[in-house]
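Proteins get letters first, then strands, A, B, ... in listed order; numbering begins at 1 in each.
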Protein chains: 2
Amino acid sequence: MDDQIDDWSRLKHALRKQAGYDNVKANLSFIRNLGQVLRESNWNVNVVGDLNQSDGQLELISIKKNSIEAKTNVYGLSIDIGTTTVSVWLVDLRTGEVVSQAVEYNQQIKRGEDVISRIIYASKTEENTEELAELVIGTINELIERVCVRSKVDSDNIFKVIISGNTTMMHLLLKIPAKSIRLTPFIPAINQPPKLKASDIQLDINPQAIIDCLPGVASYVGADITAGVYSSGLYKSEKTTLFIDVGTNGEIALGSKDWLITCACSAGPAFEGAGVQYGMRATEGAIEEVWINPSDFYPELGVIGKTKPIGICGSGLISIIAEMFMTGLLDKSGSIKLDANSDRVREGDHGAEYVLAWANETKNGEDLYITNVDIGNLIRAKAAIYAGFTVLADNVGFPLEMVDEIHIGGSFGKYINVEKAIQIGLMPDMDYENFKFLGNTSVRGSYYSLIDMKVRSEIDKIASKMTYIELSADNSFFEAFTSALFLPHTDLSKFPSVKQIGINQE
Amino acid sequence: MDDQIDDWSRLKHALRKQAGYDNVKANLSFIRNLGQVLRESNWNVNVVGDLNQSDGQLELISIKKNSIEAKTNVYGLSIDIGTTTVSVWLVDLRTGEVVSQAVEYNQQIKRGEDVISRIIYASKTEENTEELAELVIGTINELIERVCVRSKVDSDNIFKVIISGNTTMMHLLLKIPAKSIRLTPFIPAINQPPKLKASDIQLDINPQAIIDCLPGVASYVGADITAGVYSSGLYKSEKTTLFIDVGTNGEIALGSKDWLITCACSAGPAFEGAGVQYGMRATEGAIEEVWINPSDFYPELGVIGKTKPIGICGSGLISIIAEMFMTGLLDKSGSIKLDANSDRVREGDHGAEYVLAWANETKNGEDLYITNVDIGNLIRAKAAIYAGFTVLADNVGFPLEMVDEIHIGGSFGKYINVEKAIQIGLMPDMDYENFKFLGNTSVRGSYYSLIDMKVRSEIDKIASKMTYIELSADNSFFEAFTSALFLPHTDLSKFPSVKQIGINQE
């Protein structure tokens, strides 16, 4: 009776006195719940809040009767939305432990393999925009259910989510029109989306959970890259490092603790198997490695799952071109030499082709081969990436050969054989020990910022520090691209380690 | 091509450069709309934002192609949610002009006349809570339609709303459980609700419009009183002023520029006609004024609409008791003197009664009278209010007779005849010129804070400065109440101007 303070002010007072938070807010849902929980718990409660890294404001998310369960069951998610796959990590926010991980194809794939086709689809009608958002949210919710079931975690105890992903994925997730990303001058609506509540995007977790999307830099250098640059550590390194996420767009960053420059190469999805007759993803039946005998051009195949082959995945494609080139089956321009002494080289419907497996050796009972057209697509993709390296280095006047380390992010990167990637001129010719394969740097960056507010601020700083070069507006790009349309490159002095060994060596 | 900044950062940059706002935020709906509006307008846009008075953050609400229409059609609403009536003012935010006003009964009335019965109703089930919120929101939306149609304003151009009202009305509007307001120790969930969007409470205006509820002080001293204290100006006056909102709860504030003290008297709704056999609201057919001839006790009636009477409204009740007392029909304790020489005084089913109009003179064809029970209820109500004055004054050691001015707020206040209010001891015995009738000070306070951010801050300061006295916890209240259960008061020295003139004068 003597203390007529309202419930909300009483809670704020306790948070100030007991925990030192003097800037606290809550939304209506929290306030609606407040009075009952305070009284049922006899004024002994446990609250979960999110501290905003920029202004120190504590946003309250949940209030429960104080108990061991309420204190210990505090979870978060770090999510990477890739064009192809979505990764979800379930994290115990008290210990920082990753209690469960799950990966699944992004269900949006059924509406387009790459970001461009998805933007086109989404831009057609509002229903399409809705559908693409629902598809990716559906994917995420499936993954959330999977990690929660596996770890016996109640999804209502998930209070915070950090999302990383490329700029298009962010726009499509949030139903922000993505049309302008595709059209010149390629401007996204937003690089740093506002913070949201889980209920805003129908994530199946605590509806009041905070959703924080990491910042991107440009239409084709998204939060996956800022998170990747954080994860790789290059932004604080004395060494000059080239960071590359080999994927559809081939995003590249170059820099050190003093400077950061970035671009996207629009390499296209050739290394993900698109535009390649027998291209496929790295699943069972995919050729992932090839060794060609230089004397008879017989190919020995490494197949995922050790089954009969169905097609060729990215690392297999790099391997095939490298082997064909090194054994002399390909000339410098990437044309299959029809005069090679092998029945595996033949003229097909799409020009010259090289048979990797005969019909009786394959799963679908037809010859499995690679064509000149396929190889042309792959060489254009690798040329775009290498040209990206060149333009970034030229822009800052830093010689590419002086780069100390190359960090390769993205799940695809893990399977690249560096030797072969250098042989085709996809990667700069450097000592193998200077290459580091970092796996999914995007989800790891979102994980670090989930468990440490300072990391979240650091990623903001990285995003604002990165100088973005739009290659289509850069005059030197086309020249660098043209020079790289050869195996390994027009300028062989850039690839001193690459020496053809095949019988048709020129 | 050379300027790869994202749409949102470009807009923020323009707001910083052109208008000096460096702390700007927007929600997802705004961002979704951004790219299209920027391009369709050829980057010439008009934005509407709300500047937060506490941290200077500009929250963007709307973006349109720049035009005279976009620039000029910027409206706001100031709303007062009373237990009985809801007032809505439509305001041109560029000029500050009130372009239209409308008042209507709060539709919640059908679920209870006073706040207590509504809290009981709301607390029964979640459906009831929903229903009460829908009823008041329905009332507000009807009023919004009315003011918009009348002024030819598109309701989508309403971008900001300030809401005032008592604490229970705020809780019921926002579906915040109000149960604890009714139960000892009478604690509300929240005195200052968080800012909302119109879509959060289904107001039929721009869904992104900001809804800002004014702060209250306690369960029974709500935002209507803080707004009222602002409107009355007493918080900045050298004079010591008593502010009273005569309504169900009889909220009182006493103070000056140096101090403020407040309480609610739980006077009950007797002066609104409840608990009085022929009590009614101040509509057509209500007796609003009575003059009783002291020689034959013949009552001359002032009836709203000049029709046959149906019942008696608040000002009529004050008038009747004053006249009956002054003419000697009532003794000091408020008992009707059955020995008075008039056939209008008689014994009825509920004890003694005084007939104001015979059956053939009334609309419903039955005698219209006031009973001893009615008068008892009214005297308890006026005693509660006067006891409130006494306790506040005693609490600060400030003699009530030293008060410089009395400000009467609330629409009911407008019709009070001061002379008669003093005669029954409802108001302190002061010179009439020191009384000011301010009308609906609540809606006016919300109007001032709508058009001036500094006023909004001032009301926050008033709320935090007001010392609240919970009368049920104050030992002196019961004594003061008992002393005031007489006409005009036990201590006649407090009412030197009141002299009975009737023939039965003692």
**Q** Give, as side chain, backbone, both or neither, the part of Phe30(B) having an atom under 4.5 angstrom from any heavy atom of chain A.
**A**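 For Phe30(B), there is no contact with chain A at all, as no heavy atom is under 4.5 Å.
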**Q** At a heavy-atom separation under 4.5 Å, does Asp3(A) approach chain B through its side chain, its backbone, both, or neither?
**A**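 Interface part for Asp3(A): backbone (N, CA, C, O).
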**Q** Show every side chain to side chain donor-acceptor pair (under 3.5 Å) that has at least one partner inside residues 180-189 of chain B, sequence neighbours left out.
**A**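 Sorted pair list comes back empty.
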**Q** Within the supplied structure, the quantity of interest is the number of heavy atoms (other residues, nucleotides, ligands) at a distance under 6.0 Å from Gln57(A) CD; does it exceed 12?
**A**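 Check passes, neighbour count above 12.
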**Q** If you count heavy-atom pairs under 4.5 Å with chain B, which of Gly216(A), Pro177(A), Ser219(A) comes out on top?
**A**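 Of Gly216(A), Pro177(A), Ser219(A), Pro177(A) has the most heavy-atom pairs under 4.5 Å with chain B.
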**Q** Please determine whether the number of non-hydrogen atoms from other residues, nucleotides or ligands lying under 6.0 Å from atom CG of Asp55(A) exceeds 12.
**A**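 Yes, CG of Asp55(A) has more than 12 neighbouring heavy atoms, counting only those of other groups under 6.0 Å.
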**Q** Determine the sole option in Ile190(B), Thr167(B), Val217(B) for which the side-chain contact (heavy atoms from CB on, under 4.5 Å) test with Asp6(A) is passed.
**A**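 One option only clears the test, and that one is Ile190(B).
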**Q** Is the CD atom of Gln36(B) crowded by more than 12 outside heavy atoms at less than 6.0 Å?
**A**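 No.
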**Q** Measure Ile31(B) against the heavy atoms of chain A and call it side chain, backbone, both or neither at under 4.5 Å.
**A**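 Contact with chain A: backbone and side chain both.
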**Q** Please classify the contact between Leu196(A) and chain B as side chain, backbone, both or neither, with a heavy-atom cut-off of under 4.5 Å.
**A**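 Only the side chain of Leu196(A) comes within 4.5 Å of chain B.
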**Q** With rounding to the nearest 0.5 angstrom, report the CG to CD1 distance, Asp7(A) to Ile176(B).
**A**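 With rounding to 0.5 Å, CG (Asp7(A)) is 10.0 Å from CD1 (Ile176(B)).
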**Q** Which heavy-atom pair separates Arg32(B) from Leu174(A) by the least distance, and what is that distance?
**A**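 Looks like NE-O, 2.7 Å.
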**Q** Show the nearest heavy-atom pair for residues Pro185(A) and Met1(B), with the distance to one decimal.
**A**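 Minimum heavy-atom separation between Pro185(A) and Met1(B): CB-N, 3.9 Å.
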**Q** Quick check for you: to the nearest 0.5 Å, what is the distance between Asp2(A) atom CG and Asp474(B) atom CG?
**A**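 These two atoms lie 10.0 Å from each other.
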**Q** Using heavy-atom distances under 4.5 Å, tell me whether Ile5(A) contacts chain B through its side chain, its backbone, both, or neither.
**A**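 Looking at Ile5(A), just its backbone touches chain B.
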**Q** What closest approach, in Å, do Phe186(B) and Gln4(A) show between heavy atoms, and which atom pair accounts for it?
**A**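 Closest approach of Phe186(B) to Gln4(A): O-OE1, 3.6 Å.
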**Q** Using heavy-atom distances under 4.5 Å, tell me whether Asn27(A) contacts chain B through its side chain, its backbone, both, or neither.
**A**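 Backbone of Asn27(A) only, per the 4.5 Å heavy-atom cut-off to chain B.
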**Q** Are more than 12 heavy atoms, taken from residues, nucleotides or ligands other than Lys179(A), located less than 6.0 Å from that residue's NZ atom?
**A**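 It does not: Lys179(A) NZ has 12 such atoms or fewer within range.
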**Q** Please give me the minimum heavy-atom distance between Pro194(A) and Ala26(B), naming the atom from each residue.
**A**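 Taking Pro194(A) first and Ala26(B) second, the nearest heavy atoms are CB-O, 3.5 Å.
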**Q** Please identify, among Ala473(B), Pro188(B), Pro193(B), the residue contributing the most non-hydrogen atom pairs under 4.5 Å to chain A.
**A**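 Of the candidates given, the most pairs with chain A belong to Pro188(B).
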**Q** Take Ile187(A) and Arg39(B) through the test side chain to side chain contact (heavy atoms under 4.5 Å, CB included) and record every step on the way to the result.
**A** CA-CA 11 Å; Ile187(A) 303 298; Arg39(B) 285 169 185 79; 3.7 Å; yes
